[in-house]
S.K.: 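Got a structure for you, written out below as structure tokens; questions coming shortly.
Predicted model only: the values in this text are computed from it and were never measured. By convention here, the first residue in the shown sequence is residue 1.
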Amino acid sequence: MSELTTGSFSIDDLENVQITINNIVGAIEKEAESIDAEMGPTVKPGVSSLRDWDHNILDRYNAVYTPMCDQCCYCTFGPCDLSGNKEGACGIDLAGHNAREFMLRVITGAAAHSGHGRHLLHHLIDLHGKDFPLDVGATNIIAPNVQLVTGVQPKTLGDLDSVLSYVEEQLTQLLAAVHMGQEGAAIDFESKALHGGMLDHVGMEISDIAQISCLDFPKADEEPPLSDIGMGCLDSSKPTLIVIGHNVAAITDIIDYMDEKDLNDKMEIGGLCCTALDMTRYKAGDGTPPTAKIVGTLAKELKTIRSGIPDVIVVDEQCIRADVLEEASKLMIPVITTNDKVMYGLKDRSDDDIEDILEDLTTGKEKGALMFDYEKLGELAPRLTMMMSEIREQKGIKALPAEEDLKTIADSCVHCGACEIACPDSLPISEAFTRLSEGDLTKFEWLHDKCIACGRCEYACPKDIDIVDVIEKSSQRVISEEVGKVRVGRGPISDPEIREEGVNLVLGTTPGIVALVGCSNYPDGTKDLYTVAEEMLRRNYIVVVSGCSAMDLGMYKNEDGLTLYEQYPSRFRSGGLMNTGSCVSNSHISGAVIKVAAIFAQKNISGNFEEIADYTLNRVGAVGVAWGAYSQKAASIGTGCSRLGIPVILGPHGSKYRRALIAKPYEEEKWTVYDARNGSEMKIPAAPDYLLTTAETVEEMMPMLAKSCIRPSDNNMGRMIKLTHYIELSQKYLGVMPNDWHKFVRTETDLPLAKREELLKILEAEHGWEIDWKRKKILSGPAMKSDVSAQPTNLKRLCKEA
Ligand code: SF4
Ligand code: SF4
Ligand code: SF4
């Protein structure tokens, strides 16, 4: 058999022939090094460098604003009433102000990640020196986002330094544009927001590749170890240290000290939020299961403190409740802060003697301490934990109400409903109290999973009931059973994995990448994520997860007691489930998409943002989901995806970010691109039909996921597979056929095989298409034709005859 290595061929005339292309890498296996001799046109782009690309996508994906309020109070001219799109005293209108508000959230998120990166980098360079080599596993493209945006191919920690300076400089320029009397047009605030989102992925990547390289994290590991997760996995009889935040720099010294002093069996160390994920990655590069445990997401912070289980709390940065010190000190839990972003007014004890600090904290003279010396922290925190455990026990510190008091508390509820009005998810608290009065705990047990422990209900309650405590106390049984498994964050996707899967993704035969990322502000409890992941894994999508979503996914098991992590391989392939790691590891998800273009399609990625984003939007079926997005970081992560051509769905709370990017499928002129072979215009399917949107329910989202992975470049087999899922998911979750499925049909071979005849009948009867029933072929009707060698692009300059 002759071997095809380069060139193209047409398979238009082949009917029902399955072509399996296992390996065409022979033709494309040029090392990334040699490809990257060239540099693209946008190396270290400034605020306006990618404006054309932004305006291009914003022309199809229009900003839709959902103002949280119609005032602006940014300066002393105001507050200004902008209702009805009136202008404020400075001349800005409501659309402009909302675009500015959205952009501010994006750059705040990007600053949080790059601030994290800067802190880590300083720390790691101090420890290891600027020449410490970067090593993130089997890849020639160590930092796809960094390379795409800046053209730099970093090799050492020191190389990351200048890239981060670029990000910081750009973020300063963007923040300056928020000042009154700067930008006036909503569309250019949008462009700036997209710029901030792109920078965010660079900042995240810097943070993660630095820590992967220096802290012996798994490196593109296809079988990283499993970690325990859940409030129930802590042995509360042992002294317990809880860490909260995102920056593992301080925590590694604690883990080292515990290892050295053989404390691992004598005390517990558990984490909340991304620090938890990163501390389980620490020293897991050789597959060693971590001793540290993941307690859970931000939604578990207040619950964990109120449970009284922690003997000491150590916080670093981001997504930490502002009332940790106040709540902890009620239960005599000392708090140690380790980062200048969160200091809680505590005294800086970095230069003090450990014995003196221990004395002050164990006697309650000080509620906590600020400690920037991490070596000292390594010793201080575990020793303090052991001491406090004894002291707190002796003092008989009581956390939650006693079981026998629950009924009295329940009876004090006057059912005014104030708590339910205050609750962001309108949870039925009053009814739960009625049931509790009757001795029935089940409604509170149910509520426990839905409640994000924000504490707003308690502020509203006229009877001063500690509602969160009641939820927790009533749910002790279910909490003790809250034990799951999470695969430790594996880091990036390796080059061999991309080589193997790239072709399937671009042709559509692997139906797409579904990335479940972000925070825990879910509209309806934690199980939604599991439902989505399981459904998409069974349908052979590649499911990639990170952050809080990666945690909650591991809390559910099948009838054999296995989590999804144990049922599905941690490999970047059809039906694979990968936890890339903490929030900063989201950069490996965008990184994988960039690498598909670099490795599979041999695109130069250095300083070549537009072309790669254009490639993604037209050819790589991928969709992000931030179902519980609440933070500014989630806005920046999503916006970075938008600029790169990856659509993102947010849960219903996402509308509070104030803007979506939504296209109009019926505006036919918006759904054309150029064919790069000759510059002619070609029609494309109206998918994805948004770049950032919200869904109200998981049921609504399911078919959206399948549709969002449809791309112009799908071959017939790929389109058939994607359409099958789209139709089936719509029927399963919404009970109806989608009303636009026919718009994605180019030939009869795009139709789901099992339903082909039935669908041909619908096309003929309802849409007036002409069918040759003898050959079961479509004769006329489709708006698009199938052409596997077409080269769809939004960029005229990439066309041969442009
Ligand atoms: S703590 Fe829970 S129940 Fe109370 S308002 Fe917040 S989400 Fe609702
Ligand atoms: S606010 Fe307090 S008194 Fe009113 S219904 Fe809620 S728990 Fe009962
Ligand atoms: S809205 Fe969000 S960021 Fe603001 S105080 Fe509440 S939880 Fe914090």
Side-chain angles (χ1 to χ4, degrees), residues 66-69 98 101-102 105 108-109 231 244 272-273 296-306 318-324 326-327 413 415-433 443-472 474-475 516-529 547-549 551-552 555 625-635 638 649-660 692-701:
T66 47
M68 288 286 282
C69 90
N98 270 279
E101 287 275 38
F102 181 79
R105 269 132 203 89
T108 306
M231 289 179 79
I244 312 178
L272 291 149
C273 264
T297 64
L298 169 76
K300 301 283 191 285
E301 263 177 43
L302 189 59
K303 293 180 184 181
T304 305
I305 301 173
R306 293 275 186 95
Q318 300 168 42
C319 302
I320 306 164
R321 290 184 61 93
D323 58 357
V324 164
E326 192 193 319
E327 289 283 343
C413 169
H415 305 285
C416 63
C419 51
E420 297 181 5
I421 294 168
C423 176
D425 289 314
S426 311
L427 292 173
I429 303 164
S430 172
E431 185 196 337
F433 273 120
K443 196 73 190 177
F444 268 124
E445 286 180 343
W446 173 87
L447 226 141
H448 160 73
D449 178 58
K450 315 280 173 197
C451 165
I452 54 166
C454 66
R456 277 201 224 162
C457 49
E458 295 185 352
Y459 275 101
C461 177
K463 306 302 284 182
D464 290 331
I465 301 176
D466 293 330
I467 298 171
V468 176
D469 290 14
V470 175
I471 297 173
E472 289 320 282
S474 315
S475 311
L516 303 175
V517 306
C519 341
S520 51
N521 193 8
Y522 311 119
D524 190 23
T526 52
K527 197 163 184 189
D528 282 351
L529 281 177
C548 289
S549 297
M551 298 189 203
D552 282 325
M555 293 307 299
V625 177
W627 194 238
Y630 77 91
S631 70
Q632 292 91 337
K633 291 179 294 166
I649 305 174
L650 307 172
H653 290 300
S655 64
K656 298 175 204 163
Y657 287 126
R658 300 169 173 80
R659 87 101 165 85
L692 192 85
T693 193
T694 53
E696 282 302 308
T697 60
V698 158
E699 289 72 24
E700 183 194 339
M701 178 168 67

S.K.: Report yes if some heavy atom in the side chain of P652 is under 4.5 Å from a heavy atom in the side chain of E696; otherwise report no.
M.R.: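 Contact flag for P652/E696 side chains = yes.
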S.K.: Does the side chain of L298 reach to within under 4.5 Å of the side chain of C519, using non-hydrogen atoms?
M.R.: no
S.K.: Closest approach of R456 and A422, non-hydrogen atoms and distance?
M.R.: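 Heavy-atom minimum between the residues: NH1-O, 3.4 Å.
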S.K.: Which residues pass the side-chain hydrogen bond (donor to acceptor under 3.5 Å, both in side chains) test with D466, not counting sequence neighbours?
M.R.: none
S.K.: Hey, is the main chain of A660 close enough, under 3.5 Å, to the side chain of T693 for a donor-acceptor pair?
M.R.: no
S.K.: Nearest heavy-atom pair of F444 and I429: which atoms, and what distance?
M.R.: CZ-O, 4.4 Å
S.K.: Could you check whether any side-chain N or O of Y657 sits under 3.5 Å from a backbone N or O of S631, counting only pairs where one atom can act as donor and the other as acceptor?
M.R.: yes
S.K.: Taking the side chain as every heavy atom from C-beta outward, state whether I244 and E301 have any atom pair closer than 4.5 Å.
M.R.: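 Side-chain contact under 4.5 Å: yes.
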S.K.: Roughly how far apart are L272 CG and C319 SG, rounded to 0.5 Å?
M.R.: 11.5 Å
S.K.: Who passes salt bridge (charged side-chain N to carboxylate O under 4.0 Å, His left out) against E327, sequence neighbours left out?
M.R.: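 Here the qualifying residues are R306, K330.
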S.K.: Determine whether V468 and E458 satisfy the following criterion, side-chain contact (heavy atoms from CB on, under 4.5 Å), listing intermediate values before the conclusion.
M.R.: CA-CA 7 Å; V468 176; E458 295 185 352; 3.3 Å; yes
S.K.: Out of the candidates D524, V625, L529, D528, only one should pair with V698 under the side-chain contact (heavy atoms from CB on, under 4.5 Å) rule; please name it.
M.R.: D528
S.K.: About how many Å separate CD1 of I467 and SG of C461, when rounded to the nearest 0.5 Å?
M.R.: 5.0 Å
S.K.: With a 3.5 Å distance limit and no angle check, can you tell me whether K303 reaches the backbone of M231 through a side-chain donor-acceptor pair?
M.R.: no
S.K.: I need the D469 CG to S474 OG distance, nearest 0.5 Å.
M.R.: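 Spacing of CG (D469) from OG (S474) equals 10.0 Å.
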S.K.: Are more than 12 heavy atoms, taken from residues, nucleotides or ligands other than K656, located less than 6.0 Å from that residue's NZ atom?
M.R.: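 Atom NZ in K656 is packed in, count exceeds 12.
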S.K.: Going by heavy atoms in the side chains, are L302 and R321 under 4.5 Å from each other?
M.R.: yes
S.K.: Would you please test E101 and M68 for side-chain contact (heavy atoms from CB on, under 4.5 Å) and show each step?
M.R.: CA-CA 10 Å; E101 287 275 38; M68 288 286 282; over 6 Å; no
S.K.: Considering only heavy atoms from C-beta outward, does the side chain of Y630 approach that of I452 to under 4.5 Å?
M.R.: no
S.K.: Using the salt bridge (charged side-chain N to carboxylate O under 4.0 Å, His left out) criterion, which residues pair with E431? Sequence neighbours excluded.
M.R.: R435, K443
S.K.: Would you give the length of the straight line joining atom CG of L427 to atom CG of L447, rounded to the nearest 0.5 angstrom?
M.R.: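 Those atoms lie 5.0 Å apart.
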S.K.: Distance from C451 atom SG to E472 atom CD, nearest 0.5 Å?
M.R.: 7.0 Å
S.K.: Might you point out which heavy atoms bring H653 and A629 nearest each other, and give the distance in Å?
M.R.: CB-O, 4.4 Å
S.K.: Who pairs with S520 by side-chain hydrogen bond (donor to acceptor under 3.5 Å, both in side chains), at least two apart in sequence or on another chain?
M.R.: T297
S.K.: For A695, which residues count as a side-chain contact (heavy atoms from CB on, under 4.5 Å) partner, sequence neighbours excluded?
M.R.: W627, I649, E700, M701, M704
S.K.: List for me each residue that meets side-chain contact (heavy atoms from CB on, under 4.5 Å) alongside T108, sequence neighbours excluded, and say none if there are none.
M.R.: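 T108: side-chain contact (heavy atoms from CB on, under 4.5 Å) contacts with L104, Q632.
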S.K.: Look up atom CD1 in I320 and atom SG in C273, then write down how far apart they are to the nearest 0.5 Å.
M.R.: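 It comes to 8.0 Å.
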S.K.: If every non-hydrogen atom of G518 is compared with every non-hydrogen atom of C548, which pair is closest and at what distance?
M.R.: O-CB, 3.3 Å
